[in-house]
Amino acid sequence: MTGLPAPTRPDPVRARWEPAMRLALAEAALAPARGDVPVGALVLGPDGAIIGRGHNEREAVGDPTAHAEVLAIREAADVIGEWRLSGCTLVVTLEPCTMCAGAIVLSRLDRVVYGAADPKAGAAGSLWDVIRDRRLNHRPEVVSDVLAEDCTAQLQAFFDGHRE
């Protein structure tokens with residue numbers, strides 16, 4: 001025993017989503033300029049191309065449904081030309097809430113990849129698990145904790161600035 005920490009191996013499940021999560025973080029960074037919480041989301045098509053993007057706009061447009069996920073899903077559906085987003089992946093910086101989890105299930109996304117957990121309102125495993133509820137007719141795969149520290153830091157910096 002040398003006293004050195006054991007080398008960490010890359011996580012193949014999460015590492016493949018890191019580039020997309022970095023783009024979602026950049027999208028989230030657009031929200032605070034208009035008073036919104038920095039949450040960003042992307043919808044990736046079956047080929048990995050971005051077909052939808054969004055950041056929180058509730059304050060900016062006065063719409064309680066203007067969450068990053070909902071906006072990205074709407075744009076992706078518009079690009080595809082239908083509401084079914086089979087084969088697509090949603091990448092979002094914060095664990096989806098119940099409203100967004102419902103939209104994810106109803107849009108038939110194959111997968112949800114998120115960064116920071118939301119123990120107060122998360123509906124992908126933290127507080128509820130709407131997305132994987134066996135009573136529903138569609139259950140997307142959930143990949144959590146992708147760049148979680150970066151996603152949490154972005155949110156924390158926003159809220160720290162509001163408390164000052």
Side-chain angles (χ1 to χ4, degrees), residues 10-32 34 36-58 60-61 63-119 121-152 154-155:
D11 179 344
V13 173
R14 289 171 181 80
R16 76 178 276 213
W17 301 109
E18 288 179 5
M21 187 61 75
R22 289 189 199 292
L23 294 172
L25 281 161
E27 184 69 28
L30 302 173
R34 297 189 57 197
D36 280 287
V37 175
V39 177
L42 307 172
V43 175
L44 306 177
D47 63 354
I50 297 170
I51 59 171
R53 62 176 68 229
H55 56 272
N56 276 359
E57 293 188 22
R58 291 185 311 167
V61 300
D63 179 353
T65 68
H67 288 206
E69 301 95 320
V70 171
L71 297 175
I73 288 169
R74 287 177 183 163
E75 185 174 297
D78 190 47
V79 166
I80 289 180
E82 71 165 292
W83 61 270
R84 288 177 194 85
L85 299 178
S86 300
C88 298
T89 298
L90 176 76
V91 178
V92 60
T93 58
L94 180 64
E95 180 181 358
C97 69
T98 53
M99 176 185 69
C100 294
I104 289 162
V105 170
L106 293 173
S107 65
R108 305 297 194 269
L109 283 157
D110 278 9
R111 180 179 307 99
V112 177
V113 176
Y114 72 85
D118 187 353
S126 289
L127 184 59
W128 296 288
D129 200 351
V130 171
I131 294 175
R132 293 176 289 200
D133 191 315
R134 295 215 171 268
R135 295 169 290 185
L136 300 176
N137 65 340
H138 181 72
R139 290 178 297 282
E141 174 188 3
V142 175
V143 179
S144 61
D145 301 319
V146 175
L147 297 180
E149 292 164 3
D150 295 348
C151 295
T152 300
Q154 186 180 52
L155 289 160

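For clarity, every value in this text was computed on a predicted model and none was experimentally measured.
- Ala72 and Val43 get closest at one heavy-atom pair: O-CG2, 3.6 Å.
- Looking only at distances, a side-chain donor or acceptor of Arg132 sits under 3.5 Å from a matching main-chain atom of Ala124.
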| request: Test side-chain contact (heavy atoms from CB on, under 4.5 Å) on Glu57 and Asp63 and set out the steps. | output: CA-CA 7 Å; Glu57 293 188 22; Asp63 179 353; over 6 Å; no
| Step by step, would you call Thr93 with Met21 a side-chain contact (heavy atoms from CB on, under 4.5 Å)? | CA-CA 7 Å; Thr93 58; Met21 187 61 75; 4.0 Å; yes
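- Proximity of a side-chain donor or acceptor of Asp145 to a complementary backbone N or O of Ala148 within less than 3.5 Å is not detected.
- Of all heavy-atom pairs between Pro96 and Ile131, the closest is CG-CD1, 4.4 Å.
- Shown here for Val91 and Trp17, the closest heavy-atom pair between the two residues is CG2-CE3, 4.5 Å.
- Side chain of Asp36 to main chain of His55: no donor-acceptor pair is present (N/O by atom type, distance under 3.5 Å, no hydrogens or angles).
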| task | Would you check, one step at a time, whether the test side-chain contact (heavy atoms from CB on, under 4.5 Å) holds for Ile80 with Cys88? | result | CA-CA 11 Å; Ile80 289 180; Cys88 298; 3.9 Å; yes
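- The two residues Asp11 and Val13 have their closest heavy-atom pair at OD1-N, 2.9 Å.
- Using a distance-only test at 3.5 Å, with no hydrogens or angles considered, a donor-acceptor pair links the side chain of Arg108 to the main chain of Leu106.
- Side-chain contact between Ile50 and Leu44 is present, with at least one heavy-atom pair separated by less than 4.5 Å.
- Taking a cutoff of 4.0 Å between a charged side-chain nitrogen and a carboxylate oxygen, Asp133 and Arg135 qualify as a salt bridge.
- Pairing each heavy atom of Ala28 with each of Gly40, the nearest pair is CB-N, 3.2 Å.
- Considering CG of Asn56 and CG of Leu30, their distance stands at 11.5 Å, rounded to 0.5 Å.
- At least one side-chain heavy atom of Leu90 sits under 4.5 Å from a side-chain heavy atom of Glu69.
- Other residues, nucleotides and ligands contribute more than 12 heavy atoms inside 6.0 Å of the CD atom of Glu82.
- Between Val112 and Pro140 the shortest heavy-atom distance is CG2-CB, 4.5 Å.
- Crowding of Arg34 atom CZ: a count of heavy atoms from other residues, nucleotides or ligands under 6.0 Å not exceeding 12.
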| message | side-chain contact (heavy atoms from CB on, under 4.5 Å), that's the test. Do Leu127 and Asp118 meet it? Break it down for me. | response | CA-CA 8 Å; Leu127 184 59; Asp118 187 353; over 6 Å; no
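- At distances below 3.5 Å, at least one donor-acceptor pair connects side-chain atoms of Glu95 with backbone N or O atoms of Ser126.
- Proximity of a side-chain donor or acceptor of Arg14 to a complementary backbone N or O of Ser144 within less than 3.5 Å is detected.
- Counting heavy atoms from C-beta on, the side chains of Thr65 and Arg74 come closer than 4.5 Å.
- In this structure, CZ on Arg22 lies 13.5 Å from CG on Leu42, to the nearest 0.5 angstrom.
- Looking at His138, its side chain never comes within 3.5 Å of a backbone N or O of Ile104 through a donor-acceptor pair.
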